[in-house]
Amino acid sequence: MARPEKPIDPTAPYATFARQLRKLRKSSGSPTYTTLARRAKYSVSALSQAAAGRKLPSLELTLAYATACGGGREHWTEQWLIAQHPTGPGPLDGPAAAEVRPWSTEPPVPALAGTPQEFIACLRELKLWAGNPSLSRLEAVAFGRGIRLPRSTIGDALSRSRASLPNAFVVRSLVLACLTFAHRQSRIRAEETRPAAEEWLEHWLRVHRNSQRPPRPAPQPATTTWPALVEKTVQTVVLPPRQDHTLNPIGEVSRDRRLLAQALRELFDELDVSLRGFAVRHHVDPSALSRYLSGSRIPPREFLRVLVREASLRRGGESAPEALQRLDALRLAALQAGALPAPPPEADRLDELRHALYDAHAELRRSIELEAALKAQMLSRQQAIARLQAQMREFQSPRQPRSA
């Protein structure tokens, strides 16, 4: 008869993880460690120490233990990753377990968030997906990117009791910090972090706009048409109202710079947002933004792309490639007129690839939103059909004769 296991020390650093392993072994019929050793191809002592709680076993040993007991590899990979961080979501067998979604191998999709609470829940899932760093670690990562983001601000933004959206700067900084930490864990490429952060900010604007409008009555499924569904799915983004309209006049510059500055000012006037508000949203120096619009400085190409995209969203349409091409031509003419060297072909090619990647992310986001809307419409149609079938069965059933 095998001797019983030693009880787990409740003060051990990985006591919760060890209890989960022992619970899995018990659910599989409590095989002996000798039997597990033959299945897992590990020694009896290594398997016994893995379920002792004094130290975290390696991922390979954990998966071998779990597979020998009939556990799933993906689930136990998630549990091992959560156990790596002592500031994780808490005991997995406690009462708070039902309130915490487990770590996932896929990042959350902010396009599915329709309310501020759902958006904040997506932020908490992003933190878990990135590796569940502590608040202090996120503060340090943000500081490394030149962003001041106190851990108290992060905790307030991720609080479960919070009912309103955090401001745009906090959301973008928090997302950038999580994505940077995920990049260090080899979960995302470095060139994907900034486009992903801009995508989160677009969904923040959408949720912010929806939370400000009065609730609308739900449309009837029978009268919903395909154009109305697409119009409902692809929602436009209305930017916050502009606070000031004062722009410095265009200075004494060359003709090409004047034409570029006038084109930029036309697009900027459509946004109806202040200089400082636009600068804070896109992390641009307000003085540099003022010089871009006055013609005293030629902006980078990325600024042109951001401005065109914001104006397109304001008009409620898609990005306008012809507008970006026109600004590119004006910018190139201004650079050539100033006798400045044009960017090398390699830099242009890298810029084009980065923009193509951003467009692919935007197309994926729109596809996810459309899929969610179609699923909702299909569900409502199925419910309507079920109600009609129940009414037909009730109508066709023979009526009982009345008693005398």
Is it true that a side-chain atom of [X] and a backbone atom of [Y] form a donor plus acceptor pair closer than 3.5 Å?
X	Y	result
Arg22	Ala51	yes
Arg331	Pro299	yes
Thr153	Leu149	no
Trp76	Leu21	no
Arg39	Ala68	yes
Ser294	Arg291	yes
Arg265	Leu293	yes

Rounded to the nearest 0.5 Å, what's the gap from [atom1] on [X] to [atom2] on [Y]? Could you check?
X	Y	atom1	atom2	answer
Glu118	Leu123	CD	CG	12.5 Å
Tyr33	Gln49	OH	CD	10.5 Å
Gln383	Leu388	CD	CG	12.0 Å
Thr180	Arg145	OG1	CZ	4.0 Å
Ser159	Asp156	OG	CG	6.5 Å
Thr67	Lys41	OG1	NZ	13.0 Å

Minimum heavy-atom distance [X]-[Y], with the two atoms named:
X	Y	value
Arg162	Ala157	CD-O, 3.9 Å
Pro110	Cys122	CA-SG, 4.2 Å
Ala12	Gly53	CB-O, 3.3 Å
Pro150	Glu139	CA-OE2, 3.8 Å
Arg326	Ala263	NH1-CB, 3.7 Å

Trace of the side-chain contact (heavy atoms from CB on, under 4.5 Å) decision for Leu264 with Leu304: CA-CA 8 Å; Leu264 294 178; Leu304 305 183; 3.5 Å; yes

Side-chain touch [X]/[Y], heavy atoms, less than 4.5 angstrom:
X	Y	value
Thr32	Val44	no
Lys127	Pro133	yes
Asp328	Leu324	yes
Leu176	Val141	no
Leu158	Leu174	yes

Is the positively charged end of Arg206 above the ring of Phe119, judged by distance under 6.0 angstrom from the centroid and angle within 45° of the axis? no

Salt-bridge present (Arg309, Glu202; N to O < 4.0 Å): yes

Salt bridge or not between Glu198 and Arg305? Use side-chain N to carboxylate O under 4.0 Å. no

Around atom [atom1] of [X], are there more than 12 heavy atoms of other residues, nucleotides or ligands at under 6.0 Å?
X	atom1	value
Arg54	CZ	no
Arg297	CZ	yes
Arg137	CZ	no

Given side-chain hydrogen bond (donor to acceptor under 3.5 Å, both in side chains), test Ser45 with Ser43 step by step and report yes or no. CA-CA 5 Å; Ser45 60; Ser43 65; 3.3 Å; yes

Indicate the ring-plane relationship of Tyr292 and Phe303, choosing parallel, tilted or perpendicular according to the 30° and 60° boundaries. tilted

Pair Glu60-Tyr42, side-chain donor/acceptor within less than 3.5 Å: no

